[in-house]
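In what follows, a structure is listed as structure tokens, so that the remarks can point back to it.
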Amino acid sequence: MLKLRSLVIFVAAIAVGLVPLTNSAAAPTGPRRLTLAYGAIPTTGDPAYDTNALAMDAYDAVFDTLVVFQDGKLRPSVAGSWKATSATEWEFKLRRDVKFHNGEPLNAAAVKFSLERILNPANRIPWLTQLGPISKIDAIDTYIVRITTVEPVATLAENLLIAYLVPPRYFQEVGRERFAREPIGSGPFKFKEMNPLTHFTITAFPESWRWDGKKPGVEEVTWKKLPEDATRIAAYRAREVEIADSVPPEQANRLRAAGAKIVSQPIAQTLSINLRSTWDTPLKHKKVRQALNYAVDKESILKNILIGHGTLSEGQIIGSDAFGYNPNLKAYPFDLQKARQLLSEAGYANGFEMTYHASQGRYPKDKEVSEVVAAQLAQVGVKAKIEYLENAVFSQMSRDGTIGPLNIYGWQYMPAMDISQPIPFFTCKTPRKNFCDPNLDEAINTMLSEMDPVKRLRKAQILSGIMRDTAPVIFLWQFHSVYAIQPYVKDYVPTTARRADLTRVSIDK
Amino acid sequence: MAGFLARRLFDLLITVLGVSTLTFAVLRMTGDPVDFMLPPEATQQMVAEMRHQLGLDVPLPVQYVRFLVGAARGDLGESFHYREPALRLVASAIGPTLSLAAVSIGAAVAIAVPLGIVAAVYRNTMVDKAAMVLTVFGQSVPFFWLGIILVIAFAVNRNWLPTSGYGSPAHFVLPTITLAAFALARIARLTRSGMLDVLGQDYMRTARAKGLREAVIIGRHGLRNAAIPILTMIGLHFGVLMGGAVVTETIFAWPGLGRLIITSIYLRDYPVVQAGVLYMALVFVVINSALDMSYWLIDPTIRRE
């Protein structure tokens, strides 16, 4: 018979065999490292191909752009200054002290190469349309670039925010595929290594002009891809990472109580329920659309479901961080009386039934939000029948114009930080055909064709007023991204574009 | 043996062709990858241009022939999302998946088989009952719960192990326990019931009457006769784990195949899904063949047929 004692020894041996594998998270000594746990990291080292805001956080550190968006304004970067020399011509004057990490000069020829690369359809670069209809790029001097557009483009400089500059000689030498694996830029950090499934690592490049002679506060930065919320929070709590992004709202207070620095940063995206006016439904009537805006208690949802991590939209699809924001507008108040009155004036005193296309996991807490919105609409007799769509189907139906008549939607205005980015979707000619109103259409077109910034701002604000009144959507709120930051990290300031200037960051352990 | 191999090779071809055709068709019926590649403000013209560049604007049969011709040459296309060859991406995920599968199955078998034997030999004692309680737990506890509890207990509250990631041996411990728990429970229960059947057989009494040592009786005469269903179970579990354990890989941010394929399906990244599914079909056929061969080695009656 097998002895029980030998069984015990056997089990113990297995248990002991597992234990010595333990000590792992050895305290990092040597270079000061910053590790960020993000839901997404760059899928490729080539900055032209990943349009995710989180990926652009890493690209910003390795690459330069002609202009940057900082502290609420468009500011010079590689382009020290720029001006529109005619309705369709712009001149950008470059700094003379910018070099790529391999020593190649960043001059007008490099800018021309980088932009033309994006504009070439064969390269399949997703930002192609973002740049606007450009007909010609000329290096008219070693450090002066002239861009000619097909038609007047008021936001040309803003559009260049996504155009990362690459070294032409190196790029042509190694080709697209190898460049994507071993990219070279001109930013304050240079690329070290990456695996698109796990991490992206860069090291400080003190010779970069962006350090301005300052000593780097961190020598190495790694983005870890941790898409699962629980995993990201665990890595933060175990002090494996300095910063975790997209902390679920319900976790934020607990982490704060445990000593984390919590930053709730508004980002360049607002949530709304789109109200399709182009089908033969009650939503054709402005009063009905306004009634739905009165019927939803936005503040309560924001407080109870997002635990306050969002900023109420003041009747606009952009936040106060975008060009065109109108500070005089106020959100529709929650007023069931008024909602019922408007519905009965429009001839729908008994309400109606309508399909509501919702998403799951596309936006923070979207499922919960949709359920509460539907319940609130039911109070005024509007029965929203929720149908959840898979993400790819949701995107396709949005583009085809077959989604709705009610559907949840996140309007993004990054990278342009300008109402002109989302607003074309509310014109009659958009292929999505979700909204058409002659007054609104006229206001949009007048604003889009205005070249003078001061006049354009005034027109954009008038437009925002018309938009609130026309109510093409139920205005909800501006999203926040919630960051948990270890207390020993200094000056990590995420922006509305979900990025941070890493040359300011230091670690004080 | 040669006939066996030839038959298997034929099965393999049919399976792989069938699976890849099905994947090809189903993927294209359910969504358009261009929606994820372009910003929402892209114009219709830009969408059309992108579809053209990706070769998605030609009729499906033409796309399918192109796919087959490429596949025959070992070119499964470039990932839409990662912009690198799909085959290289899938290959990079096989290492983590394979090593985790092997370690988990190894750990599960190393514990489950002795546990099952002991439970059978000492049936209806406290040892048996304790083992069976353990297996009920292992079989019924959900992966995601076990994984998260392990992380909180051993990586967050006690800094003994890393919370997630892939690299050092320490990274293997928690995902291995998470994955092994289920397989362990199934294999242990099957071993126990198989052994109980065998232990009551006449040849066991004969072996004992011959005066053989108990270890030899149980090992050579008992376990070997109970082995075929156990091996089948092990093979099935291994096959599933080789395809990537999506939930466990997600919790532990393991850069494995399961997670790669799932995210690629969501993004309609056709080339990666096709390459991944092709690989999984291959794995299943190979494991099935290996199992058949192991029966052949263990059971002389199968050899005689």
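Since this is a predicted model, take the numbers as computed values, not measurements. Residue numbering restarts at 1 for every chain, and letters A, B, ... go by the order of the sequence lines.
Contact annotation for B/Ser92: only side-chain heavy atoms (C-beta onward) come within less than 4.5 Å of a heavy atom of chain A. Residue contact with chain B, scored on non-hydrogen atoms closer than 4.5 Å, involves the side chain of A/Arg176 exclusively. Only the side chain of B/Leu260 comes within less than 4.5 Å of a heavy atom in chain A; its backbone stays farther off. Contact annotation for B/Pro96: neither backbone nor side-chain heavy atoms come within less than 4.5 Å of a heavy atom of chain A. In this structure, the portion of A/Arg181 lying under 4.5 Å from any heavy atom of chain B is its side chain and not its backbone.
Between A/Asn195 atom CG and B/Tyr166 atom OH the span is 10.0 Å, to the nearest 0.5 Å. Atom OG1 of B/Thr163 is separated from atom CZ of A/Arg239 by 13.5 Å, given to the nearest 0.5 angstrom. A distance of 9.5 Å separates CG in B/Asp269 from OG1 in A/Thr43, rounded to the nearest 0.5 Å.
In this structure, B/Phe172 places its CZ atom where more than 12 heavy-atom neighbours from other residues, nucleotides or ligands lie under 6.0 Å away. In the displayed structure, B/Arg123 atom CZ is contacted under 6.0 Å by at most 12 heavy atoms of other residues, nucleotides or ligands. Counting non-hydrogen atoms of other residues, nucleotides and ligands closer than 6.0 Å to OH of B/Tyr266 gives a total of 12 or fewer.
Considering only heavy atoms from C-beta on, B/His81 stays 4.5 Å or farther from A/Pro196 through its side chain. Using a 4.5 Å heavy-atom threshold, the side chains of A/Arg237 and B/Asn157 count as touching. At a threshold of 4.5 Å between non-hydrogen side-chain atoms, the residues A/Glu228 and B/Phe252 do not count as touching.
Most heavy-atom pairs under 4.5 Å with chain B, from the set A/Gln396, A/Lys224, A/Lys225: that is A/Gln396. With respect to chain A, the highest number of heavy-atom pairs below 4.5 Å among B/Ile152, B/Thr176, B/Val47, B/Leu89 belongs to B/Val47. Heavy-atom pairs under 4.5 Å with chain B were tallied for A/Thr44, A/Ile125, A/Leu128, A/Val393; the largest tally goes to A/Leu128. The choice from B/His52, B/Arg158, B/Arg213, B/Arg268 that makes the most heavy-atom pairs within less than 4.5 Å of chain A is B/Arg268.
Summarising the geometry of B/Leu161 relative to A/Glu240, their closest heavy-atom pair is O-OE2, 4.2 Å, with the distance given to 0.1 Å. Among all heavy-atom pairs drawn from B/Val156 and A/Ala238, the shortest one is CA-CB, 4.3 Å. Contact between A/Ala230 and B/Ile148 at its shortest, heavy atoms only, is CB-CD1, 4.1 Å. The heavy-atom pair separating A/Leu197 from B/Tyr82 by the smallest distance is CD2-OH, 3.8 Å.
The list of salt bridge (charged side-chain N to carboxylate O under 4.0 Å, His left out) pairs with a residue in residues 117-132 of chain A, not counting sequence neighbours, reads A/Asp46-A/Arg117, A/Arg124-B/Glu78. Each salt bridge (charged side-chain N to carboxylate O under 4.0 Å, His left out) pair with one or both residues in residues 88-98 of chain B, not counting sequence neighbours, appears once here: A/Glu177-B/Arg88, B/Glu84-B/Arg88.
Under 4.0 Å is where a charged nitrogen must lie from a carboxylate oxygen, and between B/Arg83 and A/Asp50 no such pair does.
Judged by distance alone, with hydrogens and angles left aside, the side-chain atoms of B/Gln53 form no donor-acceptor pair with the main-chain N or O of A/Asn123 at under 3.5 Å. Side chain of A/Thr231 to backbone of B/Ile251: a donor-acceptor contact under 3.5 angstrom is found.
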